Amino acid sequence: MAKTRLTNSDTHQPPSEQDRRREALFGVLAMVPAGKVTSYGQLAEFAGLGRAARWVGRTLSQLPQGSTLPWHRVIAASGRLSLPAGSPSGDEQRMRLREEGIQIQHDRVDIRQHGWRPTEHSG
DNA sequence: TCAAAGGCGCCAA
DNA sequence: CTTGGCGCCTTTG
């Protein structure tokens, strides 16, 4: 496995707390398989970040364009897509999810069917 | 230290 | 279904 990423690349300082949280978040997000979706709160909790759902949302909004992370698989806990249709990100999100076989009706995804269950298979 | 703001979450009306 | 309101955690000024 390649090193996930180097946030402070050109320095050799130890990772800051912010870096550590980002790494935790990215690590968990990378586990979400295609065809499944998760929520901001679920990511935060599973990454050991407590109830930092909002922070997750903001962090994801700041992802670089070239990121390979499946940010599009992150939706609201209610099953609704937080990113509005018509916006670049929202449109991209809907396109990617549909390509993964996820049905989106009325801006929402069936969590029962497509919700990611981390502990169910991998471990 | 305080205040404001985020791709949120949950509950009540 | 929609609003309001409050809580949550973190960053920024």
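Computed from heavy atoms alone, side chains included, the values below leave out hydrogens, waters and symmetry copies. So you know, we letter chains A, B, ... as the sequences are listed, proteins then strands, and number each from 1. These numbers come from a predicted model, not from an experiment.
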Could you tell me which nucleotide pairs with B:dG7 by Watson-Crick or G-U wobble geometry, both distances under 3.5 Å, or answer none if nothing does?
-> none
Who does B:dA13 pair with, Watson-Crick or G-U, both distances under 3.5 Å?
-> C:dT2
Flag the pair A:R22 and A:D19 as a salt bridge only when some basic side-chain nitrogen lies within less than 4.0 angstrom of an acidic carboxylate oxygen.
-> yes
Tell me: [atom1] of [X] to [atom2] of [N], nearest whole Å?
X      : N      : atom1 : atom2 : value
A:E92  : B:dG7  : CD    : C1'   : 15 Å
A:E17  : C:dC9  : CD    : P     : 15 Å
A:R80  : C:dC1  : CZ    : C1'   : 11 Å
A:D107 : C:dC1  : CG    : P     : 11 Å
A:R58  : C:dC8  : CZ    : C1'   : 13 Å
A:R22  : C:dT11 : CZ    : P     : 9 Å
A:E45  : B:dC8  : CD    : P     : 17 Å
A:L60  : B:dG6  : CG    : P     : 16 Å

Describe the nucleic acid contact of A:G50 in one word from base, sugar-phosphate, nothing, applying a heavy-atom distance below 4.0 Å.
-> nothing
Looking across every strand, which nucleic acid part, if any, lies under 4.0 Å from A:S39 by heavy atom: base, sugar-phosphate, or nothing?
->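 Sugar-phosphate contact only - A:S39 comes under 4.0 Å of backbone atoms but never of a base.
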Find out whether A:R21 and A:F26 are in side-chain contact, i.e. whether some heavy atom of one side chain is under 4.5 Å from a heavy atom of the other.
-> no
Look at the side chain of [X] and decide which nucleotide, out of [options], has an atom nearest to it.
X      : options              : value
A:R51  : B:dC8, C:dT11, C:dC8 : C:dC8
A:R108 : C:dC1, B:dG7, B:dG9  : C:dC1
A:A76  : C:dT11, B:dG9, B:dG7 : B:dG9
A:V74  : B:dC8, B:dG6, B:dG7  : B:dG7
A:R54  : B:dG9, B:dG6, C:dC9  : B:dG6

Measure distances between side-chain N and O atoms of A:Y40 and base N and O atoms of B:dG9, and say whether any donor-acceptor pair falls under 3.5 Å.
->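 When only heavy-atom distances are counted, A:Y40 does not reach the base of B:dG9 through any donor-acceptor pair under 3.5 Å.
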Short side-chain to backbone donor-acceptor contact, A:S87 and A:P84, under 3.5 Å |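 Side chain of A:S87 to backbone of A:P84: a pair is present.
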Would you find a donor on one side and an acceptor on the other, under 3.5 Å apart, between the side chain of A:S67 and the backbone of A:L63?
-> no
Between C:dC6 and B:dG7, how far apart are the P atoms? Round to whole Å, please.
-> 22 Å
Verify the contact: side-chain N or O of A:S82 to OP1 or OP2 of B:dG7, cut-off strictly under 4.0 Å; return yes or no.
->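 No, no such contact exists.
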Taking atom types as modelled, is there a side-chain donor on A:H114 or A:E100 under 3.5 Å from an acceptor on the other?
-> no
